[in-house]
Amino acid sequence: PEQRQRASVRTARRGTARPPAAMAAMPVAFQTTINLADHGINPTAFKFGNLTMESDKYISVKDAAPDGSTQVVVIDMHNGNSVAKRPMKAEASLMNTVDNIMALKGATEGQPGNFVQVFNLDTKEKLGVYQSPANIVFWRWVAARVLALVTDKDVLHWDLSVATNTPVVMFQRAGKLAEGGTQVINYAANSQMTWCLLTAISTQDQGKTIDGNMQLWSVEKKQQQMLEGHAGCFGNVLISDSSGPAGLFAFQERKQGTQATKLHIMDITAARGEGLPPPFKVNADIQMPPEAPTDFAVALHLSEKHG
């Protein structure tokens with residue numbers, strides 16, 4: 001099942017000037033930052049895999065030019081929502097989270113799999129080229145110079161800080177995430193690159209219910225834990241006044257066949273052992289709207305700025 005994205009991008013902020021009663025009811029205020037349709041982008045381009053927003057800096061959209069050719073549209077939200085349009089023959093593009101760096105993905109006629117090319121648009125430098133023998137079904141920047149590639153069987157990390165580096169297999173897809181018919185919708189890694197999370201969805205009743213499955217992988221221990229749910233993330237957040245930020249993992253759990261949803265947040269980087277305090281861990285039930293009891297989250301974010 002395809003998860004469609006909205007045509008407008010909204011930002012959340014605290015401290016908005018609102019009456020006290022309104023603030024008590026809504027501590028986070030939303031406002032529209034940009035409506036992509038107002039910039040001449042075809043609304044049919046607003047869909048999963050076609051539009052990407054890796055951070056609050058860039059939005060990248062694969063769109064059709066007036067002459068029918070394919071183009072990539074990049075909106076720089078840190079530069080007055082400036083719009084840059086470039087011709088593109090690749091099937092997908094992905095902007096870096098920090099710098100003006102673009103990754104392109106496509107297929108070469110007569111060759112299996114996909115190719116990936118990465119360019120620094122400021123210096124006009126090609127940072128890397130990789131021909132994957134397998135189809136790349138999902139990709140994501142997990143660090144300023146690390147591009148994650150998910151194929152039908154494997155999850156790879158490509159460190160582009162060194163020109164000669166090639167993608168390295170981090171782990172193999174397992175359990176439900178290794179079965180056909182599952183759609184990868186997210187991938188994340190913590191800042192230390194010691195934990196990874198792959199998320200996919202599937203259905204067994206022609207879309208009436210959408211099952212979520214996650215594969216949590218420990219890079220250091222080379223062990224995995226399979227979780228049921230639709231969204232998860234990592235973040236470094238203060239949990240007390242007496243210590244630095246904790247390396248947290250959060251995920252939304254919903255077991256197959258139920259509509260009960262629970263949010264779990266835990267410290268996965270704290271030292272464990274006899275005589276040490278138990279690591280931070282909290283959970284809470286999440287109520288879905290009565291009119292949409294089977295609804296589920298497709299994204300989760302830990303705010304390192306607001307905590």
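When reading the values below, keep in mind they use all heavy atoms of this one structure, side chains included, and skip hydrogens, waters and symmetry mates. The chain is numbered in sequence order, starting from 1.
To the nearest 0.5 Å, the span separating CD on Q131 from CD on Q111 amounts to 4.5 Å. Here the OH atom belonging to Y58 is positioned 12.5 Å from the OG1 atom belonging to T52, to the nearest 0.5 angstrom. Rounded to the nearest 0.5 angstrom, Q204 CD and Q206 CD are separated by 10.0 Å. Atom CH2 of W195 and atom NZ of K221 lie 6.0 Å apart (nearest 0.5 Å). Atom CG of L160 sits about 10.5 Å away from atom OG1 of T166, to the nearest 0.5 Å. For the atom pair CD (E179) and OG (S202), the distance works out to 7.5 Å, reported to the nearest 0.5 Å.
The hydrophobic clustering, which links ILVMFWY residues whose side-chain heavy atoms are closer than 4.5 Å, places L94 and I136 together. With hydrophobic clusters built from ILVMFWY side chains whose heavy atoms lie under 4.5 angstrom apart, F234 does not share a cluster with L302. Note on M170 and L197: separate hydrophobic clusters, where clusters join Ile, Leu, Val, Met, Phe, Trp and Tyr whose side-chain heavy atoms are under 4.5 Å apart, directly or indirectly. Transitive grouping of hydrophobic side chains (ILVMFWY, heavy atoms separated by less than 4.5 Å) brings F46 and I75 into a common cluster. The hydrophobic cluster containing I286 does not contain M266, counting ILVMFWY residues as joined when their side-chain heavy atoms lie under 4.5 angstrom apart, directly or transitively.
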Exercise. What's the verdict on side chain to side chain contact (heavy atoms under 4.5 Å, CB included) for W141 and I101, showing C-alpha distance, side-chain angles and the deciding distance?
Worked result: CA-CA 11 Å; W141 289 99; I101 293 174; 4.1 Å; yes
Problem set entry | Derivation and outcome, side chain to side chain contact (heavy atoms under 4.5 Å, CB included), residues V129 and F115 | CA-CA 7 Å; V129 179; F115 71 80; 5.7 Å; no
Exercise. Going through the checks in order, is the side chain to side chain contact (heavy atoms under 4.5 Å, CB included) test met by I41 and L51?
Worked result: CA-CA 11 Å; I41 303 174; L51 184 152; over 6 Å; no
Exercise. Step by step, would you call D211 with T209 a side-chain hydrogen bond (donor to acceptor under 3.5 Å, both in side chains)?
Worked result: CA-CA 6 Å; D211 299 325; T209 56; 4.5 Å; no
For this session: Could you walk me through whether D99 and R145 pass the side chain to side chain contact (heavy atoms under 4.5 Å, CB included) test, one step at a time?
Result: CA-CA 9 Å; D99 298 312; R145 289 297 182 273; 3.0 Å; yes
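Contact between M214 and G232 at its shortest, heavy atoms only, is SD-N, 4.1 Å. Listed here is the closest heavy atom pair of S93 and W139: C-CZ2, 3.7 Å. Across all their heavy atoms, A231 and A297 have their closest contact at CB-O, 3.9 Å. Residues H39 and N81 approach most closely at CE1-O, 4.0 Å, considering heavy atoms. A pairwise comparison of heavy atoms in L156 and P167 identifies CD2-CB, 3.9 Å as the closest pair. Residues M193 and V142 come closest through the heavy atom pair CE-O, 3.4 Å.
H78 and D56 form a side-chain donor-acceptor contact under 3.5 Å, judged by distance and modelled atom types alone. Of the N and O atoms on the side chains of T203 and D205, at least one donor lies less than 3.5 Å from an acceptor on the other residue. In this model, a donor atom of one side chain and an acceptor atom of the other lie less than 3.5 Å apart for N236 and S191. For the residue pair N190/T194, the side-chain donor-acceptor check at 3.5 Å is satisfied.
In this structure, the side chain of E228 engages the main chain of Q256 through a donor-acceptor pair within 3.5 Å. Proximity of a side-chain donor or acceptor of D76 to a complementary backbone N or O of S82 within less than 3.5 Å is not detected. Under the 3.5 Å distance criterion, the side-chain polar atoms of Q215 are left unmatched by any main-chain donor or acceptor of G175. Within the 3.5 Å criterion, the main-chain N or O of E54 finds no donor-acceptor partner in the side chain of R140. Using modelled atom types, no side-chain atom of Q252 and backbone atom of A299 make a donor-acceptor pair closer than 3.5 Å. Checking side-chain atoms of N135 against main-chain N and O of N114 turns up no donor-acceptor pair under 3.5 Å.
The environment of CD in E274 is sparse: at most 12 heavy-atom neighbours from other residues, nucleotides or ligands sit within 6.0 Å.
Ring planes of F171 and W217: parallel class, angle under 30° (limits at 30 and 60°).
Evaluated for a side chain to side chain contact (heavy atoms under 4.5 Å, CB included) with N186, the options T199, L300, V150, I201 yield exactly one hit, T199.
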